[in-house]
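The first residue in the sequence is number 1, and the count goes up from there.
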Amino acid sequence: MATKQRTIGKVLTTSNADIYTVPTNYHSEIKTMFIANENGSARTVSLDWYDLASTTYFTLFETYSVAANSYAYITDSPLFLVGGDKLRGLASAGTSVTVTLHVEEEFVPQQV
């Protein structure tokens, strides 16, 4: 099956917003996640995973603190998602926190 590597980035605001949605007929593995704070003050970040099959949001972390002018690099465990699943997030202050994902997508034509 065909796979592709992608890098996806999103600037977070103070409102929940989608960061990444798995395309229809794909399975995705989020291999790494960078959360960067370019502000001179610490900021907090909250991320949720949406499971389309159960129509439920699951909290990955809530108000995780990222130090001033620093970043968090998350590689502990990949996330495995299917078509329609997504990540969303928000930050304690707008436009100073970005999330960058390294994603591997695999085309699965029989997925419903």
Side-chain angles (χ1 to χ4, degrees):
M1 294 187 200
T3 62
K4 62 181 175 178
Q5 305 282 324
R6 294 182 62 195
T7 300
I8 298 159
K10 176 80 172 181
V11 176
L12 298 182
T13 66
T14 56
S15 297
N16 263 319
D18 293 347
I19 298 167
Y20 170 68
T21 302
V22 180
T24 302
N25 294 330
Y26 278 85
H27 289 175
S28 291
E29 179 181 348
I30 298 176
K31 295 179 171 275
T32 58
M33 184 182 314
F34 287 95
I35 302 169
N37 175 15
E38 62 185 56
N39 193 276
S41 300
R43 299 290 187 230
T44 61
V45 177
S46 299
L47 287 182
D48 298 321
W49 156 55
Y50 178 73
D51 177 32
L52 180 64
S54 67
T55 64
T56 304
Y57 282 96
F58 296 96
T59 301
L60 297 174
F61 46 84
E62 192 71 29
T63 61
Y64 176 79
S65 185
V66 181
N69 300 308
S70 187
Y71 67 92
Y73 177 58
I74 302 168
T75 60
D76 294 345
S77 180
L79 292 174
F80 298 97
L81 308 174
V82 298
D85 289 356
K86 59 186 167 182
L87 288 183
R88 74 172 184 179
L90 60 88
S92 59
T95 72
S96 64
V97 176
T98 59
V99 174
T100 304
L101 307 173
H102 168 214
V103 178
E104 182 175 279
E105 295 176 334
E106 179 180 7
F107 182 65
V108 184
Q110 72 275 13
Q111 181 183 343
V112 184

Atom pair CD/CD1 of E105 and I30 - distance to nearest 0.5 Å: 9.5 Å
May I ask you to test the M33-V99 pair for a side-chain heavy-atom distance under 4.5 Å? yes
Would you check if V22 and L52 make a side-chain contact, meaning some heavy-atom pair closer than 4.5 Å? no
Report yes or no: does N37 contribute a side-chain atom to a donor-acceptor pair with the main-chain N or O of A67 at less than 3.5 Å? yes
Do the non-hydrogen side-chain atoms of T59 and D48 ever get within less than 4.5 Å of each other? yes
Is any side-chain heavy atom of L90 closer than 4.5 Å to a side-chain heavy atom of T14? no
Any link between V108 and F80 through a network of hydrophobic side chains (Ile, Leu, Val, Met, Phe, Trp, Tyr) touching at under 4.5 Å? no
I need the D18 CG to R88 CZ distance, nearest 0.5 Å. 8.0 Å
List the atom of A72, the atom of V66, and the distance in Å for their closest heavy-atom pair. N-CG1, 4.4 Å
Between A42 and S65, which heavy-atom pair has the shortest distance, and what is it? CB-OG, 4.1 Å
State whether the number of non-hydrogen atoms from other residues, nucleotides or ligands found under 6.0 Å of Y71 atom OH is greater than 12. no
Output the distance between atom OG1 (T56) and atom OH (Y50), rounded to the nearest 0.5 Å. 7.5 Å
With a 4.5 Å cut-off on side-chain heavy-atom distances among I, L, V, M, F, W and Y, is there a chain of contacts connecting L87 to F61? yes
Hey, any chance Y64 and Y20 share a hydrophobic cluster, counting ILVMFWY side chains that come within less than 4.5 Å of each other, even indirectly? yes
Can you check whether L47 reaches I19 side chain to side chain, under 4.5 Å on heavy atoms? yes
Cluster check I74, L79: I/L/V/M/F/W/Y, side chain < 4.5 angstrom: yes
Do V103 and V11 share a hydrophobic cluster (ILVMFWY, side-chain heavy atoms under 4.5 Å, transitive)? no
Given E104, which partner from the list Q5, K4, H27 fulfils the side chain to side chain contact (heavy atoms under 4.5 Å, CB included) test? Q5
CG on L101 to NZ on K31, rounded to 0.5 Å: 13.0 Å
Looking at T98, V97, L60, which hits side chain to side chain contact (heavy atoms under 4.5 Å, CB included) with V45? V97
Output for pair (Y73 OH, T100 OG1), nearest 0.5 Å, gives 12.0 Å
Contact summary for T21 and K86, nearest pair of heavy atoms: OG1-CB, 3.6 Å
One should read off an interatomic distance between N39 CG and S92 OG, to the nearest 0.5 angstrom, of 8.5 Å
S46 (side chain) donor-acceptor with T63 (main chain) under 3.5 angstrom: yes
